[in-house]
Each structure stands twice: as structure tokens, then as C-alpha cells.
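Every chain is numbered from 1, with letters handed out A, B, ... down the list of sequences. Computed from heavy atoms alone, side chains included, the values below leave out hydrogens, waters and symmetry copies. Since the model is a prediction, treat every value here as computed from it, not as a measurement.
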There are 2 protein chains.
Amino acid sequence: MTKPRSRRGGGRPTIADVARKAGVGAITVSRALREPGRVSEDLRRQIHAAVDELGYLPDPNARALASARAEVFGVLVPSLTNSVFAEVLRGIYDSLSDSSYRIQLGNTHYSGLEEERLLQVFGPQRPAALIVAGIDQTPMSRRLLETAGCPVVQVMETGPDPVDMMVGFSHFDGGKAATEHMIETGYRRIGFIGARMDPRSQRRLAGYRAAMEAAGLFDARLITTTPVPSSVTLGRELFRDALAKVPTLDGVFCNNDDIALGVLFECHRASIAVPKTIGITGFNDLDMMEVAFPSITSIRTPRYEIGRLSVAMALAAIAGKRPQEPVVDLGFELRCRESTAR
Amino acid sequence: MTKPRSRRGGGRPTIADVARKAGVGAITVSRALREPGRVSEDLRRQIHAAVDELGYLPDPNARALASARAEVFGVLVPSLTNSVFAEVLRGIYDSLSDSSYRIQLGNTHYSGLEEERLLQVFGPQRPAALIVAGIDQTPMSRRLLETAGCPVVQVMETGPDPVDMMVGFSHFDGGKAATEHMIETGYRRIGFIGARMDPRSQRRLAGYRAAMEAAGLFDARLITTTPVPSSVTLGRELFRDALAKVPTLDGVFCNNDDIALGVLFECHRASIAVPKTIGITGFNDLDMMEVAFPSITSIRTPRYEIGRLSVAMALAAIAGKRPQEPVVDLGFELRCRESTAR
DNA sequence: AAGGCAGATGGTAGCGCTACCCATGACGCC
DNA sequence: GGCGTCATGGGTAGCGCTACCATCTGCCTT
């Protein structure tokens with residue numbers, strides 16, 4: 001009376017089956033798969049033959065329990081549809097697809113509380129690394145990240161006080177550079193238009209303000225913002241508001257490219273000449289900025305690269321090779337185009 | 001000489017700690033958390049007090065191992081940056097954020113082989129449900145889905161032979177409706193422009209062709225496609241090609257909105273009147289279609305709703321309440337706008 | 001020749017939880 | 001009064017894997 005091989009497991013082969021078939025101990029199979037260098041050539045071959053024949057795939061849950069470490073990267077972004085984060089995610093994904101790490105996704109909806117909740121969900125599972133967007137965690141989130149016991153990479157921005165590592169660029173400098181460019185080109189009454197003013201947007205606005213003040217051009221009425229999520233539609237509406245408020249407006253620095261596109265379309269619709277009557281600068285440099293007519297000046301941000309590098313740094317840290325410099329600024333690039341060429 | 005509470009666990013409280021503190025058995029704690037109805041009011045209160053006091057959070061890995069079921073939804077999409085899938089993902093995410101399910105993301109890069117690989121990675125972990133984009137799985141992928149032992153929802157499209165459940169709409173009908181609209185409006189030499197012709201794009205093209213043939217307008221030279229991934233830039237280039245090939249072109253049905261936007265910008269740039277000289281129709285109806293100048297006719301697709309419904313159906317199936325009708329067609333909607341209003 | 005040491009392999013004992021089965025007591029039924 | 005049934009709770013035995021330590025071999029050192 002043989003007892004059933006497994007009550008619940010659905011009959012999938014286990015490491016013990018492989019070990020039996022290969023005539024070795026289970027632990028040796030485990031090693032052959034995880035640290036091949038520590039098993040002799042001969043046994044390794046035998047074991048792999050057994051693995052192939054049985055179609056054995058290790059159970060990640062059992063692995064996670066036994067080693068107190070899941071092969072999972074937790075990734076927290078504030079939005080799934082914002083193409084900026086989609087590209088970061090793509091970078092993360094592409095850098096991880098060769099490895100056996102899985103990606104677990106969290107959407108914070110730009111909410112610190114939601115971020116805390118997600119970290120509390122991710123933590124007990126002991127992820128291999130955590131990648132979170134932004135550097136403005138709540139004290140609670142920060143504590144959760146610090147005690148997560150795994151590498152943490154804050155992305156999209158750089159700052160002075162990393163939880164662990166950081167990859168990003170300075171939004172303040174980006175906003176400043178965009179604004180300075182418009183000032184140099186001869187624009188004077190330059191508005192700032194922004195939706196959903198998250199901390200990064202706030203810092204771009206601060207950069208705008210610094211540039212305007214330095215040039216003696218600052219005027220609070222030039223700023224038009226809303227807490228509503230960003231969209232092309234909203235760009236049009238905010239531009240109308242801005243123009244109604246300041247009819248002498250001769251340029252706009254848009255907090256992102258969606259807004260800039262909305263502004264451009266509204267200019268078309270209202271027959272406002274771009275760049276002659278109104279200059280437009282966006283932020284992020286999405287693909288379409290170059291194709292638009294007129295093409296739109298924007299700040300190119302290294303989103304995909306941020307994703308890739310964050311993974312590279314996390315993997316290095318997992319391997320015990322922490323980078324010398326935990327904070328990496330990937331910079332940005334001003335792309336001057338027709339929309340500010342007068 | 002008390003032996004250390006835990007060699008590897010990092011000292012986090014376990015279910016045994018809670019049980020001891022509450023003066024009950026471990027299994028009762030487990031039940032109180034998972035099936036509160038089966039534990040008396042009194043004990044439940046005691047247990048929750050102990051849980052709160054200790055800050056106990058169940059270990060999802062141990063849970064998954066013991067119950068042979070991980071609280072994870074596996075989601076496979078062909079692209080992270082295509083905003084169509086980003087919105088499906090958002091729908092999935094929003095419907096799952098109240099539950100304790102986590103989301104594990106896979107990017108197939110429009111590759112059947114990669115899809116197979118990912119299913120092989122997801123399977124051993126015994127996810128609670130799998131949501132995959134598309135209905136054109138390889139035979140191997142299909143087998144993996146069928147033997148996954150969990151609810152499976154194929155999304156974005158409907159078809160006759162679901163692995164388990166399906167939520168989507170007919171791309172053929174969408175392509176046909178868009179083309180018929182243009183024919184009715186008076187366009188005759190209507191081109192089809194498409195990038196990365198995945199199976200869904202192929203079916204939209206088939207719909208276009210059916211409509212053109214029915215009207216006696218079909219001409220193979222009107223079709224311009226490329227395997228390159230879609231982008232606004234590409235839309236412009238393909239439109240140039242199309243126009244060079246067929247100078248009498250008087251309209252284009254674009255396989256998606258990115259392409260349509262590229263076409264619109266090129267028309268602006270080349271001073272081609274829209275909708276007078278060229279009519280434009282897109283597909284998906286992204287936010288910006290309505291704001292564009294002229295606004296662009298498009299087929300609105302229920303992407304967010306697809307995400308939400310797919311989760312609702314999966315959750316129902318997990319709870320043992322399989323829907324009567326496993327295939328749900330959410331339809332689409334033609335949005336007529338200025339770009340075809342002549 | 002004894003000791004030391006590194007490399008290769010295995011055995012044992014969990015990791016933290018839940019499936020399965022059983023114990024107990026209260027209640028209702030014939 | 002015997003017995004089934006239900007509600008409530010607990011004990012035991014894993015789930016499939018890996019950490020930890022032990023063992024064994026061969027070879028080098030002195």
C-alpha cells in the first residue's frame with residue numbers, strides 16, 4: 001500500500017524525484033541548479049538529464065520559504081498609463097527578462113498612503129529588491145523600505161538622502177533649463193502650465209521660477225496648475241485659462257508633453273502662430289514631439305535608461321557588489337525644435 | 001539554553017507567536033484570518049488583538065507552499081508602452097487593489113515563444129489566475145494555459161474557442177465599421193496604414209478589406225504596412241510612402257491612433273487639407289483624438305473595461321461561480337469627428 | 001606518517017503555513 | 001437514552017525546498 005506521492009501537489013515532479021532518478025541527494029540537485037560551480041561536471045550532467053527527462057521546474061514558493069527570499073522584484077509606480085513610467089517599467093522589464101526574477105507591480109496612484117499599503121503587502125514576501133518611483137516617501141514608507149532587508153532603488157529623481165540607491169535626474173534643473181532656453185530665445189511672458197502637481201512637477205515649477213526670477217520676469221499670474229491628472233485635453237483647457245488670465249502670454253513651459261500637445265492643438269484651432277505668437281516647450285520628449293507640426297521643443301529624459309540602470313544596480317547589490325556611488329544622475333537633454341524657433 | 005526562535009526568519013512574528021499570545025491553536029489563527037465565519041466571535045477578537053499587538057503579517061510564501069496556491073494574478077501583455085495595454089493593465093490593477101492578490105507582470109514583446117517562456121515561469125508558482133492578451137496562443141502556450149489549474153482569461157479579442165474565458169471585442173468588425181464610415185462619407189481611394197501587424201491588426205485589415213471589396217473599391221496598392229513597431233513617427237513615414245504609391249489617395253484608415261496622429265501632422269506639414277483632401281480614421285480613440293485639430297475620427301475600444309471585467313470574471317471563477325457565458329464581447333463605438341467630416 | 005585542508009556530497013531539520021482528520025460538547029431527533 | 005449532526009477548536013503531518021553541519025576523499029604539508 002504505497003501512499004500517494006503527493007496529496008496536494010498535483011503530481012508535479014519534485015526535487016526528490018530528480019535526485020532519485022539521478023542517483024544523488026536532493027541537496028546536490030539544488031546546488032547543481034543554483035551554484036553549478038560547486039558540483040562536479042559528471043553529476044551536473046546526470047542531474048540535468050534527469051531534470052530534462054522529468055520536466056522538472058523548481059517550485060518558487062518552496063524556494064522562497066526555505067531561503068527566506070523570493071525571486072521577485074517589487075516595482076512601485078504612481079501611474080500605469082503615464083507613458084513616462086511605462087518606459088521606466090519597460091527598461092526594468094528588459095533588464096530582468098534574462099534572469100529568473102519575476103516582477104510584481106504596484107500602482108500607488110500618486111498616493112503616499114497607497115504606497116505604504118503596497119510596501120506592507122510586498123514586504124512579508126521578502127522580495128529580492130524594491131524599485132520605487134520618487135524620493136518623497138512618507139516616514140512610514142521610508143521605514144518600511146529601510147527594514148525590507150533588500151536593495152532599494154529610488155528612481156526618476158536624485159536627492160541627497162537615498163534610502164539605499166537612486167537613479168534619476170534633477171527635475172529642478174530640467175525646468176530651469178527649459179525656461180532659460182525660452183528666455184534666451186526672446187520670450188518674456190512665459191507661462192507655466194501643469195496638471196497633477198506631484199513632487200517632481202513641483203520641482204520643475206521651482207526650476208521655472210528660479211529662471212524667471214533670475215531674469216526679472218517672474219509673475220505669479222503666469223502659473224496655471226490643477227490637481228487633476230494630466231491629459232492632452234487638459235492641456236488645451238489650461239492653456240485657454242492661462243491665456244484668458246494673461247492675454248499678453250507669449251510662451252508656455254508645459255510640465256509635460258501631453259499638456260504641450262494640447263496647447264499646440266489649441267493654437268491650431270485658434271489660429272495662434274507657433275512659435276511666432278506663442279512658443280511652446282514640453283517635458284520628457286515623447287516620440288511624437290519631433291513629429292508634431294511644428295515640432296515641439298522638449299526636455300529629453302532618460303526614462304528607459306533609468307529602468308535599466310536601476311535593475312543593474314539592484315542586481316549588483318544582490319551579488320554583494322554595491323556601487324561606489326549610490327546616487328546616479330543620468331541627466332537630461334534640451335531638444336530645441338520649431339515650437340521655440342523664432 | 002533556549003534555542004533561537006528562528007535561524008533565518010529575521011525574527012518576524014509567526015502564526016505560532018500569535019497563537020501563543022491569544023492562547024489558541026495555530027490553525028485557529030489561520031482560520032480566523034481566512035474564514036472568520038468559522039471562528040467564534042470571542043476568539044476572533046482575541047486573535048485580532050494579538051495580531052495587532054505583534055504586528056503579525058502572514059508570510060505569503062509559506063501560505064503558497066502549504067496551500068499549493070499563490071495569491072498572484074499573472075498578467076501577460078505584448079507591450080508595456082503601448083497605451084492600449086497600459087489601460088487594460090490599469091483596469092486589472094484597479095479591480096484587484098482591494099483584494100490581497102498581487103500582480104505579476106509579463107511582457108511577451110509580441111512573441112509567441114516569449115509567451116511560452118513566461119507561462120513556464122508563471123506556472124510552477126500556481127497563480128490564482130492568468131490573464132493573457134490575445135487569442136492566438138501557440139499550441140504549447142495553449143497547453144500550458146489549459147493545465148495551469150487556474151482560471152484563464154484571454155483579453156482584447158473574442159473568438160470561438162476560449163481556453164477558459166474571454167473578454168474583448170471584434171477587431172474585424174471594428175476595421176469594417178471604420179472603413180464603411182469613410183466609404184459612406186464619400187471617400188473612395190481609402191488607404192490602410194498599419195505598423196507591427198499583430199493578429200489583431202491583421203483582423204482589422206481583414207475588416208477593411210471586406211468593406212472595400214463589398215463597395216467594389218478594393219485595391220491591394222492601397223495597403224501600406226510594416227513589421228516595425230508602431231509610433232507617431234512611423235505614421236508619418238508610412239503615410240508618405242502610401243501617398244507616393246497612390247497619389248490619388250483621398251483617405252486613410254489607420255491601424256491605430258499613433259499612426260493617425262503621424263498622418264495628421266504630415267498633412268499639416270505638407271499643407272494637405274483634412275478632411276477635404278484626405279480623410280483620417282484612427283483606432284482605439286485615445287484621449288488626444290478628440291483634442292487634435294482637426295479632431296480625429298476613431299473607433300473607441302473598451303480597454304479599461306476589459307481589464308476590469310477580466311478580473312471580475314476570474315474572481316468569480318475562483319469563488320466557484322463561473323459565468324454562464326464564458327465569452328464576453330464588449331463591443332466598440334465609432335466616434336465620428338472632423339477628420340472625416342466633409 | 002600524522003595532521004591539515006579544500007572540494008564534493010549527503011543527512012537532518014526546519015522555513016511558516018494549511019489540508020486533513022479528529023475531539024469535544026451542545027442540541028435535536030427518533 | 002442512544003445517536004446523528006453541527007459548530008468549534010486542535011493536533012499532526014506535511015508542502016518542496018534550502019541552511020547548516022557532517023562526512024568523506026584525496027592531496028598537500030611538515
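Residues that satisfy the ring-ring contact (aromatic ring centres under 6.0 Å, His included) test with A/Y101, not counting sequence neighbours, are A/F73.
One finds a side-chain N or O of A/S40 lying less than 4.0 angstrom from the OP1 or OP2 phosphate oxygen of C/dT9. OP1 or OP2 of D/dT18 sits under 4.0 Å from a side-chain N or O of A/S30.
One atom, CZ of A/R63, and another, P of D/dG16, lie 14 Å apart when rounded to the nearest Å. Separating the CG atom of A/L65 from the P atom of D/dC15 is a distance of 13 Å, rounded to the nearest angstrom. Rounded to a whole Å, the CZ atom of A/R126 is 15 Å from the C1' atom of D/dC17. If you measure from atom CG of A/L33 to atom P of D/dG16, you get 16 Å, rounded to the nearest angstrom. Between B/R20 atom CZ and C/dC17 atom C1' there is a gap of 15 Å when expressed in whole angstrom units. Atom-to-atom, CZ of A/R69 to C1' of C/dG16 comes out at 16 Å; the value is rounded to the nearest Å. One interatomic measurement links the two molecules: CD of A/E35 to C1' of D/dT18, which rounds to 10 Å at whole-angstrom precision. In this structure, B/Q125 places its CD atom 15 Å from P of D/dG16, rounding to the nearest Å.
Across all strands, A/R38 comes closer than 4.0 Å to base atoms (heavy-atom distances). A/R31 comes within 4.0 angstrom of a nucleotide base, judged by non-hydrogen atoms across all strands.
When each of A/E114, A/Q120, A/E116 is paired with A/L118, the side-chain contact (heavy atoms from CB on, under 4.5 Å) condition holds for A/E114 and for no other.
A/Q154 places a side-chain N or O within donor-acceptor distance of the main-chain N or O of A/V163, the cut-off being under 3.5 Å. Here the side chain of B/R31 pairs no donor or acceptor atom with the backbone of B/P36 at under 3.5 angstrom. Here the side chain of A/D52 pairs no donor or acceptor atom with the backbone of A/A49 at under 3.5 angstrom. No donor-acceptor pair closer than 3.5 Å links the side chain of A/R90 to the backbone N or O of B/L80. Between the side chain of B/Y110 and the backbone N or O of B/D198, no donor-acceptor pair lies under 3.5 Å.
For A/T28, the listed nucleotide lying nearest its side chain is C/dT9; candidates were D/dC17, C/dT18, C/dT9. In this structure, of C/dT18, D/dA19, C/dG14, it is C/dT18 that holds the atom nearest to the side chain of B/A66. In the set C/dC17, D/dC15, D/dG11, the nucleotide with an atom closest to the side chain of B/I27 is D/dG11. Side chain of A/S67, nearest nucleotide from C/dA19, D/dT18, D/dG9: D/dT18. Considering only side-chain atoms of A/V24, the nucleotide from D/dG16, D/dT18, C/dG10 that sits closest is C/dG10.
A donor and an acceptor atom, one from each side chain of A/R143 and A/T147, are nowhere located under 3.5 Å apart.
The terminal axes of the helix from C/dA1-D/dT30 to C/dC30-D/dG1, fitted over 5 pairs per end, subtend an angle of 40° to the nearest 10°.
Of the residues in residues 41-61 of chain A, A/Y56, A/P58, A/D59 come within less than 4.0 Å of DNA chain D through at least one heavy atom, sorted by number.
Salt-bridge annotation for A/R308 and A/E305: absent, with no side-chain N of the basic residue lying under 4.0 Å from a carboxylate O of the acidic one.
With values rounded to the nearest 0.5 angstrom, B/D98 atom CG is found 10.0 Å from B/L315 atom CG.
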